[in-house]
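One structure is given here, and the rest of the page talks about it.
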Amino acid sequence: MGDPLDGDESSDSTEQDRYLAAMQDLTAAMAAGGTSFRERVEPVLAVGREHLGFPNGHIAVVTGDEHEIVASSGLSSTITPGTKTPLSETYCRNALEESGIHIVTNASESMATDPAYERFGLEAYVGAPLQADGTEYGTLCFVNDSEAIAEFSGWQQTLFEHLTQWVEAEIEREQALDTRERSQRLLEATFNSPETFIGILDADGTLTRANETALEFIDADEAVFEEPIWETPWWNHDEAVARRCQDAVERAREGETVRFEAEHIGADGQRISTAVMARPVAADGTVQKILVEGTDITDLKRHEEQMEFFNSILRHDILNGMTVIEARAETLADDLDGTQATYAETILDWSRDIVDLTQKVRSVLSTMSDDGLTEAETIPLRPVIEGAVNKAASMDEDCTVETDIDDGLTVVADDLLDDVVGNILTNAVEHGGPGSTIEVTAKRVGSVARLHIADDGPGISPEERDAIFEKGERGTQSTGTGFGLYFVSVMVESYGGDIWVEDSDLGGSEFVVELPTDNY
């Protein structure tokens with residue numbers, strides 16, 4: 001960019017004076033500043049209007065095919081901030097296409113049929129594209145609504161280039177402020193999460209800030225700051241808890257992220273359990289701050305205790321009691337004859353069913369508490385299916401079960417998969433009626449094994465298909481407990497698989513089970 005103040009033998013001293021006056025006014029307008037983007041740029045636009053000889057100057061942002069005025073000086077009745085126009089109907093589209101200063105001196109002659117002239121009727125225009133951080137933003141424009149203009153002189157073009165550069169700098173500044181404010185709002189929203197207690201410490205463990213959730217829990221104010229965190233009311237109610245906190249902070253000071261559980265007592269006497277994490281915040285390889293976060297896990301701990309309680313009842317009371325009953329029933333069945341032997345066999349059958357049901361309930365409870373009874377491993381699928389098929393076929397001598405299983409197919413599961421597949425097959429036999437036909441296929445599909453169990457029974461309506469996998473739900477034709485398919489769905493989910501019901505080509509229902517073939 002040439003500077004008219006440098007001058008040469010052909011320079012016009014009058015133009016130099018006009019340029020100097022314009023730059024002085026521009027400097028004053030830039031120095032005046034303002035709190036908002038419009039307050040800062042509109043005085044600068046006014047300087048451009050005065051010295052370039054235009055009734056209006058404005059800035060537009062372009063997004064796709066939308067042109068929106070964001071700041072304007074002059075002609076306020078026709079060109080106002082917030083006005084949106086299709087880019088294709090503006091003078092600015094030419095400035096963007098040319099990527100430089102675009103000048104229209106007499107639009108009624110050169111643009112008589114142009115959509116922009118037909119819409120706005122502006123007689124003269126000068127505009128240039130604006131960029132922010134290397135990305136197209138929009139345009140800086142000066143327009144005359146009624147009079148043509150002469151060609152731009154050299155000093156006017158230089159002034160316009162100065163205006164463009166300054167406006168681009170203001171846009172980048174505004175965008176940086178917006179980004180910073182958004183980040184700050186996001187940080188504050190995260191910091192003041194109602195679900196988490198957060199404290200910020202100096203590297204020596206001194207508390208410098210805590211979020212509202214943490215302060216409200218102990219009904220404290222800033223008086224708790226500038227104290228070692230383990231000496232504050234969150235921790236000092238119990239010496240062991242305070243020592244655990246201090247140890248975690250000291251380890252975090254050495255760069256380690258520490259996780260532990262703790263109990264706290266609120267100002268109202270409420271006792272809660274938290275999962276705590278103390279993690280270092282480093283700069284230039286040195287720990288500068290330590291962030292301590294505590295998440296309320298009181299409900300989770302209570303849930304775990306309840307699950308363990310019920311599991312204990314099943315394991316020690318019901319299961320042990322039924323084992324005794326089963327053993328006695330076996331003895332009676334062997335020793336008795338006639339009707340009494342039949343009664344003993346009935347007791348034995350029910351005992352075995354209850355023991356089996358109890359084992360399944362324990363499996364579900366253990367799975368739901370993330371404490372599975374067995375470790376998932378890769379197991380061959382064919383023996384599981386064949387064993388379940390034999391058991392299901394024995395329930396009805398007239399039942400036909402056909403299988404088609406890929407050789408070498410393995411899945412990730414545990415030893416309860418026998419019961420999972422067996423439940424689906426016995427369900428098909430029970431609801432299929434006498435002489436039913438069942439087809440079992442198992443194939444590898446991508447990274448999963450897909451097991452299909454189809455029958456020619458009455459089927460399951462689409463409205464019932466999701467509900468049958470829920471606790472205590474039964475199909476309309478079922479007389480069972482409604483636990484079997486819930487057990488199946490819980491176990492399949494614990495393996496990382498999926499299960500659903502479709503229509504069968506045989507006319508009934510088709511259960512589809514997907515199981516992972518790789519143990520990640």
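Start at 1 with the first residue, then count along the sequence.
A salt bridge is defined here as a Lys NZ or Arg NE, NH1 or NH2 lying under 4.0 Å from an Asp or Glu carboxylate O, and E256 with R279 fails to meet this definition. For the pair E263 and R244, the salt-bridge criterion is not met [side-chain N within less than 4.0 Å of a carboxylate O]. With respect to the salt-bridge test (charged N to carboxylate O, under 4.0 angstrom), the residues R173 and E170 qualify. Of the charged side-chain nitrogens involved, at least one lies within less than 4.0 Å of a carboxylate oxygen, so that D503 and R465 count as a salt-bridged pair. Remark: D247 does not engage R243 in a salt bridge, criterion side-chain N to carboxylate O under 4.0 Å.
Applying the ring pair (Phe, Tyr, Trp, His ring centres under 6.0 Å) criterion to F511, with sequence neighbours excluded, gives no partner residue. Every ring pair (Phe, Tyr, Trp, His ring centres under 6.0 Å) that H264 has, sequence neighbours left out, goes to W235. Remark: F217 pairs with F197 by the ring pair (Phe, Tyr, Trp, His ring centres under 6.0 Å) rule, at least two apart or across chains.
Between V411 and P516, the closest side-chain pair of non-hydrogen atoms is not below 4.5 Å. Between V412 and T517 the shortest side-chain heavy-atom distance does not fall below 4.5 Å. Side-chain contact between L417 and I379 is present, with heavy atoms from C-beta onward closer than 4.5 Å. The side-chain heavy atoms of P86 and D65, taken from C-beta on, include a pair separated by under 4.5 Å. Counting heavy atoms from C-beta on, the side chains of I438 and C399 come closer than 4.5 Å. A 4.5 Å side-chain heavy-atom check between I59 and I69 finds every atom pair outside the cut-off. Considering only heavy atoms from C-beta on, D498 stays 4.5 Å or farther from L515 through its side chain. Side-chain atoms of E377 and D414, non-hydrogen and from C-beta on, never get closer than 4.5 Å to each other.
Going from atom CG of L332 over to atom CG of D334 covers 9.0 Å, rounded to the nearest 0.5 Å. Summarising the geometry, atom CD1 belonging to I171 is positioned 11.5 Å from atom OG1 belonging to T135; distances are rounded to the nearest 0.5 Å. Here the OG1 atom belonging to T298 is positioned 5.0 Å from the CD1 atom belonging to I272, to the nearest 0.5 angstrom. Put simply, OG1 on T323 and CZ on R352 are 12.0 Å apart, with the number rounded to the nearest 0.5 Å. Once rounded to the nearest 0.5 Å, the distance linking OG1 of T206 with CG of L201 reads 8.0 Å. Taking CG of L130 as the start and SG of C92 as the end, the distance is 9.0 Å to the nearest 0.5 Å.
Closest approach of T410 to A449, counting heavy atoms only: O-CB, 4.4 Å. The heavy-atom pair separating M491 from L416 by the smallest distance is CE-CD1, 3.7 Å. Annotation for I453 and L425: closest pair CG2-CD2, 3.9 Å, computed over non-hydrogen atoms. Closest non-hydrogen pair, A95 versus P129, comes out as O-CD, 3.7 Å. Across every non-hydrogen atom of V276 and V292, the tightest pair is CG1-CG1, 3.9 Å. Residues V421 and A388 share a closest heavy-atom pair of CG1-CB, 3.8 Å.
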Requested in this report: Evaluate side chain to side chain contact (heavy atoms under 4.5 Å, CB included) for T295 paired with T274, printing each intermediate quantity in order.
Outcome: CA-CA 5 Å; T295 303; T274 60; over 6 Å; no
Report task. Carefully, step by step, assess I499 and V512 under the rule side chain to side chain contact (heavy atoms under 4.5 Å, CB included). Result -> CA-CA 6 Å; I499 183 170; V512 185; over 6 Å; no
Requested in this report: Take L451 and V440 through the test side chain to side chain contact (heavy atoms under 4.5 Å, CB included) and record every step on the way to the result.
Outcome: CA-CA 7 Å; L451 170 65; V440 181; 3.7 Å; yes
Requested in this report: Would you sort out whether E227 and L207 count as a side chain to side chain contact (heavy atoms under 4.5 Å, CB included), showing the intermediate values?
Outcome: CA-CA 6 Å; E227 295 287 339; L207 180 67; 5.8 Å; no
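Here the side chain of T346 pairs a donor or acceptor atom with the backbone of T342 at under 3.5 angstrom. The backbone N or O of G508 lies less than 3.5 Å from no partner atom in the side chain of D456, so there is not a single donor-acceptor pair. In this structure, the side chain of S351 engages the main chain of I347 through a donor-acceptor pair within 3.5 Å. N427 contributes no side-chain N or O that, together with a main-chain N or O of N423, makes up a donor-acceptor pair within less than 3.5 Å. Formation of a donor-acceptor pair under 3.5 Å by the N211 side chain with backbone atoms of T196 is found in this model. At least one donor-acceptor pair closer than 3.5 Å links the side chain of E172 to the backbone N or O of D133. Judged by distance alone, the side chain of S436 and the main-chain N or O of V429 form no donor-acceptor pair under 3.5 Å. Counting only distance, with no hydrogens or angles, the side chain of D284 and the backbone of T286 share no donor-acceptor pair below 3.5 Å. Between the side chain of W234 and the main chain of I218, no donor-acceptor pair closer than 3.5 Å is present. A donor-acceptor contact shorter than 3.5 Å is absent between the side chain of S273 and the backbone of I297.
Environment of CG in D238: crowded, with over 12 heavy atoms of neighbouring residues, nucleotides or ligands closer than 6.0 Å. Taking a 6.0 Å sphere around CZ of R119, one finds it holds more than 12 heavy atoms contributed by other residues, nucleotides or ligands. Annotation for E239: atom CD does not count as buried by contact number, only 12 or fewer foreign heavy atoms lying within 6.0 Å. Summarising the local packing, CD of E66 is surrounded by more than 12 heavy atoms from other residues, nucleotides or ligands at distances under 6.0 Å. Other residues, nucleotides and ligands place more than 12 heavy atoms under 6.0 Å from the CH2 atom of W500. Around the CZ atom of F260, the shell of radius 6.0 Å holds more than 12 heavy atoms that belong to other residues, nucleotides or ligands. Residue E212 places its CD atom among 12 or fewer non-hydrogen atoms of other residues, nucleotides or ligands, all under 6.0 Å distant. Annotation for D466: atom CG does not count as buried by contact number, only 12 or fewer foreign heavy atoms lying within 6.0 Å.
For the residue pair S88 and R93, no side-chain donor N or O sits within less than 3.5 Å of a side-chain acceptor on the partner.
A salt bridge (charged side-chain N to carboxylate O under 4.0 Å, His left out) with D406 is found for exactly one of K443, R382, R450, namely K443.
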